[in-house]
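Here is the structure we will look at.
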Amino acid sequence: MKTAAKDAAGSPVTITLPDGKTLSFDGPVTGLAIAEKIGPGLAKAALAVKQDGELIDLMREIKKDSQVAIVTRKDAEALELIRHDAAHVMAEAVQELFPGTQVTIGPSIENGFYYDFAREQPFTTEDFEKIEKRMHEIIARNEPFIREVWNRDEAIRHFKSIGEDYKAEIISDLPETEEISVYKQGKWYDLCRGPHLPATGHVGKAFKLMKVAGAYWRGDSNNAMLTRIYATAWRDQKELDAYLHMLEEAEKRDHRKLGKEMDLFHLQEEAVGAVFWHDKGYAIYRALESYIRRKIRAADYQEVKTPQLFDSSLFKASGHWDIYGDNMFKVRDVHKSDADGEERMMGLKPMNCPAHVQIFNQGIKSYRDLPIRMAEFGCCHRNEPSGAMHGIMRVRQFTQDDAHIFCTPEQMQEEAARYFKLQLGVYKDLGFDKIDVKLALRPGANARIGSDELWDWAENALREALKSAGLPFEELPGEGAFYGPKVEFHLTDAIGRTWQCGTLQVDPNLPNRLDASYIGEDGAKHRPIMLHRAILGSMERFIGILIENYAGKLPLWLAPVQAVVTTITNDADTYAERVLKDLKKAGIRAAIDLRNEKINYKIREHSLTKTPEIWVVGKRESEENTVAIRRLGSEKQEILALSDAINKIVTESAPPA
RNA sequence: GCUGUUGUAGCUCAGUCGGUAGAGCAUCGCAUUCGUAAUGCGAGGGUCGGAGGUUCGAAUCCUCUCAACAGCACCA
């Protein structure tokens, strides 16, 4: 601070613009002044500036030579500012309307912003209209945002004195080096790091309060529950409408709704968090499972099947009983007791790794046996918190397309690379092209096990594997598992949502705990490295994702009913039965609809349940041995000879190789 | 688990100030045999998530409980 003030005394400042041009000023200069120098149009459009990559207020003085870009409403950064400003405006509106409400934090988030308030009485959606109206008024006032730097202790005292205890707490927890800045908009002000737009008017009108929800102070469930208002905000009405439309679209695609409509599965109270797969849903499940099974066989995996229920000693040895015991389903074995007379405890497996180590541990393994790639469609139980459940996406009983690769440290990188290839191939086959790769690095020292050398080695190996596979990736410090780093694959669906599915995790620890070893070239025992990996993650969740991605219109090879044969009138019943028989003989999942209903009615019904092909047969077809095929999403008919039609659907419904 | 909301026929939903429930679709029956997104008429079906309570009387009020939904927290 002090040095900056000294520099500001009047030494010239050179500003470099994005196009490489430079501008010279005699002394400190604001972003606005820079924009004015470039042109009056830009000065008018300017909202903020980016100084050496950091976003700052338009009116803040730039005191040293810098790279500067003027931010206008068109830039991505502007959207973030609009949302953050809107959060301030909402907070002002709320405090004006509901005196006694304390403000806490209100950041911009994906698609909008929220603000957490402390108030005895939570807000309801009925308050929204009033709040929105007041927000529009505040925006119309177009009060400039004015930044002030406050003395730390005074700021704490001040916020305490006006009853804003949370703000005071935030300030006292800020590092000593941090400047305490306050932004004013008219009479209202808020502690804030900034930056902000020049004035409230720039927020515009394209915002909408969305929902209220509880949220813990500082995200910690031991703290007080605040009341959070979520809102969405955009540059203009068109963007807002597009977003609202996307939400509607997401609602239409909801797998819970489609699952019911398409008769795929159901959930009920007597088996909370467990899926009842109906015939049609399980058809999808089986198609997906066999596809994965073919893929892993081709990739030289073995497939195993291990028990559900284990004596607690195994999970105590693996460490899960202590670390995740609260989230395990535990069962008393009434027929067995421990030395102290207590009934023995058993547990449903929450993951497959300890069981796979048991298979590995049978007999003696040589370095020549490695790598061993052991896969299982492993059914796991985890007692998830009640609030975590969501349709079939988050459940208490699920099946992982799991595998563990036992290998030597030298083989690890190669194994990781092989997995990446397999993984990306599968996503492509399933219709996902946009994949983000992340590398989650070691968590804090007290939240991880193993030496730093081991972590260095494991993280580097994954980094190298990703690089040699040519995969761009983002590093996430602190996000790794307690036993090792992990690579995460996030896929983007048809309406732009991302889902974390596949992961590869390095685990140098479990083999140790469960005493897995192999005999090396040197004749001595060594610990293998264990790679945990899943491609889909959970079958249940992935099928949910597929349903939503395709809006129920699954590709032919995954569709539960691939074709339905239906008649114009009963005259064609016998022929329709024959068509069905041929379809089934050819291995097609087919159904028949001989109801005495108009063809319009039947077409409508099968279209609504997203059957990919409707094979209509009437008098004409039965005489000519043909079928009239109508495909989902099209109104056209294709008339084909029956045998040609069968051949065609067999070819087209073949799963990806 | 926490905060808030919800829970009525197979599905989607209505039910005013407490007086033992209604619609559409679906189902069943009858008629219709009609070429590519809903043929007509008729009938059956629920005790209102569960338990307890208040009351002459509760789907409607109270308590507890279960589940779902939204968000938070969690996700080995």
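We use all heavy atoms of the structure for the numbers below, so side chains are in, but hydrogens, waters and symmetry mates are not. These numbers come from a predicted model, not from an experiment. Chain identifiers are assigned alphabetically (A, B, ...) following the order of the sequence lines, protein sequences preceding nucleic acid strands; residue numbering begins at 1 within each chain.
- Annotation: salt bridge (Lys or Arg N to Asp or Glu O under 4.0 Å) contacts involving residues 615-626 of chain A, sequence neighbours excluded, are absent.
- When both pairing distances are held under 3.5 Å, B:U27 makes a Watson-Crick or G-U pair with B:A43.
- On a pure distance criterion of 3.5 Å, a polar donor-acceptor pair joins the side chain of A:Asn570 and the base of B:U33.
- Whole-Å rounding puts the A:Arg218 CZ to B:U3 C1' distance at 20 Å.
- No side-chain donor from either of A:Arg448 and A:Asn509 sits under 3.5 Å from a side-chain acceptor of the other.
- For the C1' atoms, the distance linking B:U54 with B:C64 amounts to 15 Å, nearest Å.
- Among the heavy atoms of the strands, none lies under 4.0 Å from A:Lys602.
- Considering only the side chain of A:Tyr601, B:U27 comes nearest among B:U27, B:U33, B:G35.
- Between the P atoms of B:U6 and B:G45, the separation comes to 31 Å (whole Å).
- As rounded to the nearest Å, B:G10 and B:G53 have C1' atoms that lie 33 Å from one another.
- Using cut-offs of 30° and 60° for the angle between ring planes, the A:Phe542 and A:Phe432 rings count as perpendicular.
- When all heavy atoms of A:Leu514 and A:Asn361 are compared, the closest pair comes out as O-ND2, 3.1 Å.
- To the nearest whole angstrom, the two P atoms, one in B:A23 and one in B:G42, are 13 Å apart.
- Whole-Å rounding puts the A:Arg396 CZ to B:A68 C1' distance at 13 Å.
- Using a 4.0 Å heavy-atom cutoff across all strands shown, A:Gln400 reaches no nucleic acid atom at all.
- For the P atoms, the distance from B:A59 to B:A9 is 14 Å, rounded to whole Å.
- You'll find the ring centres of A:Phe123 and A:Phe98 inside the 6.0 Å limit.
- A:Glu415 and A:Tyr419 share no donor-acceptor pair across their side chains, judged by distance under 3.5 Å alone.
- Taking atom CD on A:Glu635 and atom P on B:G35, their separation rounds to 17 Å, with Å as the unit.
- Residues A:Gln358 and A:Thr306 bring no donor and acceptor atom of their side chains to less than 3.5 Å of each other.
- Between B:A68 and B:C25, the distance separating the two P atoms is 32 Å to the nearest Å.
- Protein atom CZ of A:Phe276 is 17 Å distant from nucleotide atom P of B:G10, rounded to whole Å.
- A:Asn600 comes within 4.0 angstrom of the backbone, heavy atoms only, and of no base.
- Atom CZ in A:Phe128 sits roughly 15 Å away from atom P in B:G4 (whole-Å rounding).
- Going from atom NZ of A:Lys610 over to atom P of B:A37 covers 16 Å, rounded to whole Å.
- Counting non-hydrogen atoms under 4.0 angstrom, A:Gly391 reaches the backbone sugars and phosphates but no base.
- Rounded to an integer number of Å, the gap from A:His266 NE2 to B:A67 P is 16 Å.
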Summary of protein contacts for nucleotides 71-76 of chain B, nucleotide by nucleotide, where a base hit scores B, a sugar-phosphate-only hit scores S (4.0 Å, heavy atoms): BBBBBB
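- A:Ile599 comes within 4.0 angstrom of the backbone, heavy atoms only, and of no base.
- Nucleotides B:G24 and B:G46 have their C1' atoms positioned 16 Å apart, rounded to a whole Å.
- Here, B:G71 and B:C11 have their P atoms 24 Å apart, quoted to the whole Å.
- The interatomic distance linking A:Leu258 (CG) with B:U12 (P) rounds to 13 Å, in whole Å.
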Solution key, residues 476-490 of chain A side-chain donor-acceptor pairs under 3.5 Å, sequence neighbours excluded:
{"residue": "A:Tyr483", "atom": "OH", "partner": "A:Gln505", "partner atom": "OE1", "Å": "2.3"}
{"residue": "A:Glu488", "atom": "OE1", "partner": "A:His490", "partner atom": "NE2", "Å": "2.9"}

